[in-house]
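The structure under discussion appears below in the form of structure tokens.
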Amino acid sequence: YRHTVPENVKYKLHRAELSEKMLELEGVHTVIHTAAALEGTAERLVRDNIQATQNLICFAEHSRVERMIYMSTVSVYGDVDGMLCGGGSRVNVELYGEAKHICECLVNESMIPEKLILQLPRVVGPYTELGDVRRSGFLSMAKKILWDEDVTCYIPKVKYNNYLHVADLEGFLEIILKSRGWGEEKLLLGAKEQLEMMDILQIMKQEIGSRSKIWAEDKGVLPKCALVKIDQAEKMGFSPSHAECMLKRFIREAYRNYRA
């Protein structure tokens, strides 16, 4: 997600290849594990996701780390129709989702006293890469709006909340880190409001004054994990900004990065 180091960081950065060896650090109380390979061969996904996570867990257990937050993904459920509630069925899961599911199991089975798995939706923000968006229909349509290209929406009436701005994720992490005794092992995150896809596209179009024309062509096909149930996360203090504000912020950031 992040390709550059922010200028105002107030912490030390240690570069390490997690898949090759255990970390050599002292005084670590909490681990937040976000590193992952999103695509590639099975060998790469095993190395960069599963082996890297196993090595990090070994470090945490050896160093007596008290808490671990693992950033997973709704992709562990595959092509699930309807509302995703977590802990349910898994359908046609791709390699990436399978690798992350195994990592979830490794975290749950570890000896780390407190561990929490956050199953993330599409995370957007100022560093979202729009170069290759073939794997995301949401980003593909946003990119066309950004460049004033016409958009055909095949799911105009489908309600969708499978996205989250990174600033809302950051705010929730601050709440989690201040709390004790995590009661949930897995939490699903997503936007609070469930907007129809045509409304989502119109919000982004109007925010930047795009000249795109948006056509509705309902094919009756549901995108995977279109709806994410976030009530368990809300019980722990998750309170994302309004979906409309989130979408406007994302498309403004994309405009500044790619058009300004």
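Everything numeric here is computed off the predicted structure, so don't read it as measured data.
- Contact check for Leu130 versus Thr128: side-chain heavy atoms found under the 4.5 Å cut-off.
- In this structure, Met198 CE and Trp215 CH2 are separated by 10.0 Å, a value rounded to the nearest 0.5 Å.
- In terms of heavy-atom proximity, Val80 sits nearest to Leu84 at CG1-CD1, 4.4 Å.
- Annotation: salt bridge (charged side-chain N to carboxylate O under 4.0 Å, His left out) contacts involving residues 230-247, sequence neighbours excluded, comprise Lys192-Glu234, Glu244-Lys248.
- Panel note: side chain Glu104, backbone Ser72; no donor-acceptor pair is recorded below 3.5 Å.
- Residue pairs that meet the salt bridge (charged side-chain N to carboxylate O under 4.0 Å, His left out) test with at least one member in residues 152-170, sequence neighbours left out, are Lys157-Glu196.
- With sequence neighbours excluded, no residue forms a ring pair (Phe, Tyr, Trp, His ring centres under 6.0 Å) with Phe250.
- Residues Ile117 and Asn108 have side chains in contact (heavy-atom distance under 4.5 Å, counting atoms from C-beta outward).
- With rounding to the nearest 0.5 angstrom, the CG atom of Asn257 is 12.5 Å from the CZ atom of Arg252.
- Salt-bridge annotation for Glu185 and Lys115: absent, with no side-chain N of the basic residue lying under 4.0 Å from a carboxylate O of the acidic one.
- Each of Lys205, Lys143, Arg211 was checked for a salt bridge (Lys or Arg N to Asp or Glu O under 4.0 Å) with Asp148, and the lone residue meeting it is Arg211.
- Put simply, the side chain of Met204 does not reach to within 4.5 Å of the side chain of Ser210, judged on heavy atoms.
- Residue pairs satisfying the side-chain hydrogen bond (donor to acceptor under 3.5 Å, both in side chains) criterion with at least one member in residues 30-40, sequence neighbours excluded, are listed as follows: His33-Thr53.
- Considering all non-hydrogen atoms of both residues, Tyr258 and Gly131 come closest at OH-N, 4.2 Å.
- Atom-to-atom distance recorded for Leu56:CG and Leu18:CG is 5.5 Å, nearest 0.5 angstrom.
- Scanning for side chain to side chain contact (heavy atoms under 4.5 Å, CB included) contacts around Arg47 gives Ser19, Arg44, with sequence neighbours left out.
- Looking at Tyr163 and Leu247, their side chains come closer than 4.5 Å, going by heavy atoms from C-beta outward.
- Between atom SG of residue Cys85 and atom NZ of residue Lys229 there is a gap of 5.0 Å, rounded to the nearest 0.5 Å.
- Around atom CE of Met83, more than 12 heavy atoms belonging to other residues, nucleotides or ligands sit under 6.0 Å away.
- Looking at residues two or more places apart in sequence or on another chain, you find no side chain to side chain donor-acceptor pair (under 3.5 Å) involving Glu149.
- With sequence neighbours excluded, no residue forms a salt bridge (Lys or Arg N to Asp or Glu O under 4.0 Å) with Arg64.
- Between the CD1 atom of Ile32 and the CG atom of Leu118 there is a distance of 9.0 Å, given to the nearest 0.5 Å.
- Closest approach of Asn49 to Ala99, counting heavy atoms only: ND2-CB, 3.9 Å.
- Hydrophobic cluster membership for Val93: none, as no Ile, Leu, Val, Met, Phe, Trp or Tyr side chain comes under 4.5 Å of it.
- Closest of all the heavy-atom pairs between Ile175 and Gly237 is CD1-O, 3.3 Å.
- The ring pair (Phe, Tyr, Trp, His ring centres under 6.0 Å) search around Tyr255 returns none, not counting sequence neighbours.
- Applying the side chain to side chain donor-acceptor pair (under 3.5 Å) test to Tyr70 and every residue at least two apart in sequence or in another chain returns Lys100.
- Between Ile57 and Met68, some side-chain heavy-atom pair lies under the 4.5 Å cut-off.
- Every residue meeting the side chain to side chain contact (heavy atoms under 4.5 Å, CB included) condition with Ala167, not counting sequence neighbours, appears here in chain and number order: His165, Arg249.
- No donor-acceptor distance shorter than 3.5 angstrom exists from the side chain of Asp150 to the backbone of Ser212, with no hydrogens or angles considered.
- Here CD of Gln119 is found 8.0 Å from OG1 of Thr73. Values are rounded to the nearest 0.5 Å.
- A heavy-atom distance below 4.5 Å is found between the side chains of Leu189 and Leu169.
- By the criterion of side-chain heavy atoms lying less than 4.5 angstrom apart, applied directly or through intervening Ile, Leu, Val, Met, Phe, Trp or Tyr residues, Leu116 is grouped together with Leu177 in one hydrophobic cluster.
- Two residues are said to be in side-chain contact when any heavy atoms from C-beta on lie closer than 4.5 Å; Phe172 and Leu187 meet this criterion.
- Among residue pairs with one or both ends in residues 173-206, none qualify as ring-ring contact (aromatic ring centres under 6.0 Å, His included); sequence neighbours excluded.
- Looking only at side-chain heavy atoms (C-beta outward), Glu66 and Val31 stay at 4.5 Å or farther from each other.
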